[in-house]
Structures are given as structure tokens and as C-alpha cells.
Amino acid sequence: MIALPEPGPLVMPLGEALLSRRSRYRYEPVGLSALGSLLGWAVGVQRRVDGHVLGMNPTAGGLPSLAVHVVRDGEVLEYSREEHALRLVGTGVLEGVFTQPEFESRASTVVVLSGLLGPGLEKYGEVHQSTVRLDGGIALQNLYLVGTALGLRCCAVAGFDVVRVRELVGGEGDPLALFVVG
Ligand SMILES: Cc1cc2nc3c(=O)[nH]c(=O)nc-3n(C[C@H](O)[C@H](O)[C@H](O)COP(=O)(O)O)c2cc1C
């Protein structure tokens, strides 16, 4: 388990983050401190209510509908928001993941958002197939805005090989989006 540093302060006003957010295509390596701030603010725990954990990113019914993995330095790490830590779940490279080859050569840190249908399907039925994608979109925008406030370059990526990404993150969930950061 790799404990992440507690998130540092986010000082950029929301209006400035919304206005200056861009998709950017050149990246630097991301240290653990920046990664801790990014994940903690964007998809970490916000509060606990009656034993339920609720995230910085709202999800339908407050259910745990997303798995968050980080691929960096040849390692695949699962983010545990409750422990604010990364757990090594595998190894793998980004080869063959992206439709656009420039991401493969430039990206060093990639966040993978996967949908977990189970809990929501039980509560909401079929509509949860699309709701889980909304949950993923909200998390993606949090990542963009927090990344911007932290001075990181970011890009959401929909062009990826879903089979390859599923293999990379160990088959858990349905890969929804990648987020390249640095
Ligand atoms: C869900 C989503 C998926 C995206 N997928 C890709 C992608 O696969 N490749 C890419 O170059 N940009 C991708 N982008 C970035 C968009 O092209 C970009 O957000 C858009 O052109 C507007 O630019 P901006 O983000 O700088 O405002 C994606 C953005 C979103 C929100």
C-alpha cells in the first residue's frame, strides 16, 4: 500500500479554474504529493454519514459506482479513497491503450475511471447503465478542475482500447474514461 500525502490547499478560485481549464497534450511526471492532492480533492472522501462514505464527486444514491486506477511507471495502482492510498494491483505499460499515438509517447501518469454497475443496478435497474456514465463524467470534471487548480496539465481521453484497458486494470468494472495528467 502506498499512503498518499494529504491533499494540500486548493487556492485557485473556482471561476479562474473554470476559465483557465484546457485539454493539454504535453506532460511532466507527477509526484506523489500532487497525485495525493489531485485524487483527494477530485475523488476522495468528503464525509461519512451513518457509516456511508460520500465522495468529493457525487454519485447516484451516493453509491460506490466508480473504480479509480492510476497507471504510472509501469505499475497499475488502485486508489482507495477511504485509505487515501494506492494499492499495487498489477504491472503494465500504456502500449496499445490509446487511439492517438501521441498519448502513448507523452503520457506518464494516467487515471482510469471504471464504472461499477453492481450496487446501482440493484437500486435503479437498467437506467443505471447510463447513470454510471454520468458519475464518471462528474469525476472527470472534478479531475480537470482540481488538476487545473494544482497547475497540472490534463486531458480526458475517450479514444482508448477498452479491452486493453480492462486487461490493464484487472477486469474490474467497465472502463469509462482515461485522464492523462502531468
Ligand atoms: C469525455 C471526453 C473525452 C475526450 N477524449 C479525447 C480524446 O480521446 N482525445 C483528445 O485528443 N481529446 C479528448 N478530449 C478533449 C477534448 O477534445 C477537449 O476537451 C475539447 O476539444 C475542448 O477543449 P478544452 O478541453 O481545452 O476546452 C476529451 C474530452 C472529454 C470531455
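Note that ligands are numbered from 1 as they come in the structure, with each ligand's atoms numbered from 1 the same way.
Contacts between Gln100 and ligand 1 below 4.0 angstrom, taking non-hydrogen atoms only, involve the side chain exclusively. When heavy-atom distances to ligand 1 are checked against a 4.0 Å cut-off, Thr99 has no atom that comes that close, whether in backbone or side chain.
Look at Phe160 and you'll find every heavy atom at least 4.0 Å from all atoms of ligand 1. Using a 4.0 Å heavy-atom cutoff, Phe98 is absent from the residues neighbouring ligand 1. The closest approach between Leu140 and ligand 1 falls below 4.0 Å for a heavy atom of the residue. A heavy-atom separation below 4.0 Å is not found between Arg24 and ligand 1. The shell of residues lying under 4.0 angstrom from ligand 1, judged by heavy atoms, includes Cys155.
Minimum heavy-atom separation, Val132 to Leu66: O-CD2, 4.2 Å. Contact detail for Asn142 and Met56: the closest heavy-atom pair is ND2-O, 3.4 Å. Between Leu94 and Ala107, the shortest heavy-atom contact is CD1-O, 3.8 Å.
Looking only at protein heavy atoms, the nearest one to atom 17 (O) of ligand 1 is Tyr25 OH, 4.0 Å.
Within 4.0 Å of atom 27 (O) of ligand 1, at least one protein heavy atom is present. Protein heavy atoms are found less than 4.0 angstrom from atom 3 (C) of ligand 1.
Each of His84, His69, Arg87 was evaluated against Tyr79; a single residue qualifies, His84, per the side chain to side chain donor-acceptor pair (under 3.5 Å) test.
Residue Arg22 places no N or O, backbone or side chain, under 3.5 Å from any N or O of ligand 1. Considering backbone and side-chain atoms together, Phe103 places no N or O closer than 3.5 Å to any N or O of ligand 1.
Interface atoms of ligand 1 facing Arg21, defined by a heavy-atom separation under 4.0 Å, are 24 (P), 25 (O), 27 (O). Heavy-atom proximity to Ala158, at under 4.0 Å, picks out these atoms of ligand 1: 3 (C), 4 (C), 5 (N), 6 (C), 7 (C), 8 (O). In summary, the atoms of ligand 1 found under 4.0 Å from a heavy atom of Gly159, numbered by their order in the structure, are 8 (O).
Judged by distance alone, the side chains of Asp174 and Ser114 never bring a donor and an acceptor atom under 3.5 Å apart.
Using cut-offs of 30° and 60° for the angle between ring planes, the Phe103 and Tyr25 rings count as tilted.
With hydrogens and angles ignored, the 3.5 Å screen pairs no side-chain donor or acceptor of Arg164 with any backbone N or O of Phe160. At least one donor-acceptor pair under 3.5 Å links the side chain of Thr99 to the backbone N or O of Gly159.
The existence of a salt bridge linking Arg166 and Asp161 is excluded, since no basic side-chain nitrogen approaches an acidic carboxylate oxygen closer than 4.0 Å.
Counting heavy-atom neighbours within 6.0 Å of Glu102 CD, excluding the residue itself, gives a total above 12.
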